[in-house]
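Whatever order the structure lists them in is the order used to number ligands and atoms, beginning at 1.
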Amino acid sequence: MNLPFSESYKIKMVEPIRRSTREQREQWIKDARFNLFNLRSDQVFIDLLTDSGTGAMSQMQWSEMMLGDESYAGASSYYKLKNAIAEITGFPYFLPTHQGRAAENVLFSTMIKAGDIVPGNSHFDTTKGHIEFRKAHAVDCTIDEAFNTTLDHPFKGDVDLNKLEGVLKSYPVSQIPLIIMTVTCNSSGGQPVSMKNLRDVKQLANQYDIPVFFDSARFAENAYFIKIREEGYGDKSIREIVREMFSYADGMTMSSKKDAIVNMGGFIGFNSKALFNQATTYNILFEGYISYGGMSGRDMNALAQGLYEGTEFDYLETRIKQVAYLGQQLKDYGIPIQYPFGGHAIFVDAKRFLPQLPKEGYVAQTLAVELYIEGGVRGVEIGTLLADRDPETGLNRYPDLELLRLAIPRRVYTNNHMDYVAASLMNVYDRRHEIMSGLKVTREAPILRHFTVELEKA
Ligand code: F0G
């Protein structure tokens, strides 16, 4: 008999989670104004809100915590992290930040001014938020295939080079400070970008002398997909693939809470010393001195170790196969999801799940609420709420995809938990025709509203 696939780790420490009743959950979600961010974590049984900062650190990472050097300047932990970043990504200069959006804040303060155009594949919401906060514009150049959830395209994170060139031709170069490639592309469903596309984008950008930065939160998962799906990479190691990916970038922002498997942290990597010097001023202003910038020494140690572990093939295979394990069950049941399965999450196509609801009814949020009531499983809306209103017209933006994301924390849940999640969603699918009304907003913030929005039944 062939031996079955099995996890590349065993469990040394456990954290209890609690079941609840449907009646309790109905009350709790009402009290939370139908916003799952407002739930207390002990009101949630399986928490798939995010894979960000929710992973389990390894025994090596915990040991590194004990070795942290908390010196204000020149700490050994800073140099440990600097070496790990240089070795894994190839960037000689870096600035630590407390998380990914802080890296965006520092970098964009240096590079982006009002009226600028920032093309890329579907920008993540904080990235877009930081661009629009500066009165600049994010232009999505993702391939059209990404917006058809039924298509099984291997690299739905790719940029359409014609769309990108169209943008580069339409504006003076002085108005396009950078191109941002998000690897993997969270907003289009945790979908990877091919090496070929990264190479082509860089080549095109070079013709216009525009720098390319990677939003790298899930760069290692992207490398795994390149290894598995792209011709010519099957025999390369994840680290070799990662180095080649970053060779097509001038710099990177990183939310270390994802592929570096730490609970908090981020950084910016640069090739250019001049840009690093400029960004340093903002880093000191917003984050802290350059050798810690928002992180403690112990956290930098754990992050350095996490960068090595996060780029090991066995770890990545365990992780991505668990996501696919959940995806396969939903697929077999006929539940509409984004294909192929994402690296960090399964994205349920809420418009096809609940076609009877009007787009004004916040369809994916409605589905997220139903799943919570069904099984105490918390996912997150990646749809109209997340898309915010158009800053110029004030009107709701209705994105092509209205998704419920089930993000799987790293090394946290077992496949029994995945079975439970799948069964909960199947139960909602069985009673989908009974869900006749959506939600309406009663209070919202002007930007990044999904975190604090309040809703009621429409
Ligand atoms: N870029 C991407 C692609 C992200 O997914 C995130 C965060 C960020 C940047 C910002 O990083 O949270 O460390 O400030 N994504 C989380 C998520 C929040 O749930 O997908 P951060």
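Between the side chain of Arg411 and the main chain of Ala56, a donor-acceptor pair closer than 3.5 Å is present. With hydrogens and angles disregarded, no donor-acceptor distance shorter than 3.5 Å links the side chain of Arg298 to the backbone of Gly68.
Ring orientation note: the planes of Tyr339 and Phe341 are tilted relative to one another, at an angle of 30° to 60°. Relative ring orientation between Tyr292 and Tyr289 is described as tilted, the plane-to-plane angle lying within the 30° to 60° band.
At the shortest separation from atom 13 (O) of ligand 1 among protein heavy atoms lies Ser255 OG, 2.6 Å. Given atom 4 (C) of ligand 1, the protein heavy atom at minimum distance is Phe124 CD2, 3.4 Å. Ranking the protein heavy atoms by distance from atom 9 (C) of ligand 1 puts Glu104 OE2, 3.4 Å first. Among all protein heavy atoms, the one lying closest to atom 12 (O) of ligand 1 is Arg101 NH2, 2.8 Å.
Checked by distance only, ligand 1 and Gly100 come closer than 3.5 Å through their nitrogen or oxygen atoms. At least one N or O atom of Gln99 sits closer than 3.5 Å to an N or O atom of ligand 1. Between Thr182 and ligand 1, no N or O atom pair is found at a separation short of 3.5 Å. Inclusion of Thr184 in the set of residues having an N or O under 3.5 Å from an N or O of ligand 1 is not warranted.
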Decide yes or no on salt bridge (Lys or Arg N to Asp or Glu O under 4.0 Å) for Lys196 and Asp158, but give the supporting numbers first. CA-CA 9 Å; Lys196 178 175 186 324; Asp158 279 1; over 6 Å; no

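Under the side chain to side chain donor-acceptor pair (under 3.5 Å) test applied with Ser122, the options Thr142, Asn186, Thr182 reduce to a single match, Thr142. The residue from Asp51, Asp314, Asp259 that alone fulfils the salt bridge (charged side-chain N to carboxylate O under 4.0 Å, His left out) condition with Arg319 is Asp51.
Below 4.0 Å from some heavy atom of Lys257 lie the following atoms of ligand 1, by number and element: 13 (O). Counting the atoms of ligand 1 from 1 in the order shown, those under 4.0 Å from a heavy atom of Thr50 are 17 (C), 19 (O). Under a 4.0 Å criterion applied to the non-hydrogen atoms of Thr126, ligand 1 contributes the atoms 8 (C), 9 (C), 10 (C).
Stacking of Lys82 on the aromatic ring of Phe94 is not recorded, the 6.0 Å distance cut-off and the 45° axial limit not both being met.
The shortest heavy-atom distance from Lys258 to ligand 1 is under 4.0 Å.
Under 4.0 Å from ligand 1, the heavy atoms of Arg405 that appear belong solely to its side chain.
A 6.0 Å sphere centred on CH2 of Trp28 holds more than 12 heavy atoms belonging to other residues, nucleotides or ligands.
Of the listed residues (Thr253, Asp215, Asn186, Thr97), the one carrying the non-hydrogen atom nearest atom 2 (C) of ligand 1 is Asp215.
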